[in-house]
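What follows is a short report on a single structure.
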Amino acid sequence: FSTLTSLALLLSLGACSKPGDEASRTAPAPSPEPTTASIPGQTGEPTRDPAQIAGVVAAFAETEIAISQIIIDRNIEGPLRDFAVQLQQAHRQIEERAKALNASKDGQRVALQQAKAKTEVESLREEQDDQALMNAYIAAVVRDHGDALKQLDAELIPAADGELKAFLE
């Protein structure tokens, strides 16, 4: 896969229908009740605490902001840099909205996301080869968004209500 092919694939994911829509063949509808998402390292009962739910979303956004900053700091040029800047902007908005919904920085699910982010950021920072970094960044973004969608559909959306649920959907 070339970087541009991978980037095009990633960008096309954003054009998919909402989960459960008739036009969506790959994304299942959110679970009616919170269940533990099938994500490596994810254990225990899903949270029903609105502050924890918003906290997980904020932590995910912080991860994407941090890994995108690595691309920017390394002076990677071209479409991938543009994508990293755009991803940062989108996730800063998500982070701000989650914080406005009283996102907590405490709790098991938030701590799991923060630990995953720390490992991911360290791994990307250690990559010396620019091409390998670009490929690892794309893989991380795709994996992170896949995990986030699984967690949203299985745990977070079913446990949320009101303004928080509307934000997550």
Side-chain angles (χ1 to χ4, degrees), residues 7 9-72 83-124 137-169:
L7 183 57
L9 175 64
L10 181 62
L11 292 174
S12 70
L13 291 175
C16 294
S17 299
K18 286 179 66 176
D21 282 354
E22 196 172 310
S24 175
R25 294 189 179 134
T26 58
S31 173
E33 287 295 317
T35 58
T36 301
S38 59
I39 300 170
Q42 197 80 303
T43 60
E45 290 296 312
T47 185
R48 292 180 177 269
D49 177 13
Q52 290 291 309
I53 294 167
V56 169
V57 173
F60 169 72
E62 290 166 4
T63 303
E64 299 310 293
I65 292 166
I67 66 172
S68 294
Q69 190 61 46
I70 295 167
I71 296 296
I72 295 164
F83 175 75
V85 169
Q86 191 175 31
L87 194 70
Q88 271 194 333
Q89 291 169 346
H91 283 85
R92 280 193 178 106
Q93 291 175 350
I94 292 168
E95 178 187 33
E96 289 172 18
R97 180 83 168 115
K99 286 180 178 179
L101 292 168
N102 301 315
S104 173
K105 290 217 174 247
D106 300 319
Q108 180 190 24
R109 289 291 193 250
V110 176
L112 283 170
Q113 178 59 38
Q114 290 169 334
K116 179 181 169 188
K118 182 179 178 186
T119 301
E120 193 169 80
V121 167
E122 288 173 1
S123 175
L124 290 173
Y137 170 73
I138 292 167
V141 169
V142 170
R143 182 180 53 251
D144 290 350
H145 282 83
D147 288 353
L149 290 172
K150 286 177 192 172
Q151 195 167 9
L152 281 164
D153 290 344
E155 296 180 16
L156 304 179
I157 292 172
D161 57 14
E163 187 178 357
L164 179 59
K165 186 171 191 128
F167 166 60
L168 297 177
E169 293 179 320

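- Checked for salt-bridge contact, Arg109 and Glu155 meet the test: a charged N lies under 4.0 Å from a carboxylate O.
- Among residues two or more places apart in sequence or in another chain, the side chain to side chain donor-acceptor pair (under 3.5 Å) test is passed with Lys118 by none.
- Note: Arg143 CZ to Ile138 CD1 = 12.0 Å, rounded to the nearest 0.5 Å.
- Closest of all the heavy-atom pairs between Val56 and Val110 is N-CG2, 3.7 Å.
- Residues satisfying the salt bridge (Lys or Arg N to Asp or Glu O under 4.0 Å) criterion with Arg92, sequence neighbours excluded, are absent altogether.
- Partners of Glu163 by salt bridge (Lys or Arg N to Asp or Glu O under 4.0 Å), not counting sequence neighbours, listed by chain and number: Arg97.
- Considering every non-hydrogen atom in both Ala160 and Ile53, the closest pair reads N-CD1, 4.0 Å.
- With sequence neighbours left out, the ring-ring contact (aromatic ring centres under 6.0 Å, His included) criterion links Phe60 to His91, His145.
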Pairs of donor and acceptor atoms involving the side chains of residues 62-69, under 3.5 Å and at least two apart or interchain, shall be tabulated with distances.
from  : atom 1 : to     : atom 2 : distance (Å)
Glu62 : OE2    : Lys105 : NZ     : 3.2
Thr63 : OG1    : Ala59  : O      : 2.9
Thr63 : OG1    : Gln113 : NE2    : 3.0
Ser68 : OG     : Glu64  : O      : 2.9
Ser68 : OG     : Tyr137 : OH     : 2.8
Gln69 : OE1    : Gln88  : NE2    : 2.8
Gln69 : NE2    : Asp73  : OD1    : 2.7

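- Here the shortest heavy-atom pairing between Leu164 and Pro50 reads CD2-O, 3.6 Å.
- Counting all heavy atoms, side chain and backbone alike, Ala54 lies closest to Ala98 at O-CB, 3.5 Å.
- Residue Asp106 holds its CG atom at 8.5 Å from CD of Gln114, rounded to the nearest 0.5 Å.
- Ion pair Glu120/Lys116 not flagged as a salt bridge, since none of the NZ, NE, NH1 or NH2 atoms sits closer than 4.0 Å to an Asp/Glu carboxylate oxygen.
- Residues passing the side chain to side chain donor-acceptor pair (under 3.5 Å) test with Gln52, sequence neighbours excluded: Ser104.
- Among pairs with a residue in residues 150-169, none fulfils ring pair (Phe, Tyr, Trp, His ring centres under 6.0 Å), at least two apart in sequence or across chains.
- For the side-chain contact (heavy atoms from CB on, under 4.5 Å) test, no residue two or more places apart in sequence or in another chain qualifies with Asp161.
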- Please step through side-chain contact (heavy atoms from CB on, under 4.5 Å) for the pair Ile71 and Phe83, ending with a clear verdict. CA-CA 10 Å; Ile71 296 296; Phe83 175 75; over 6 Å; no
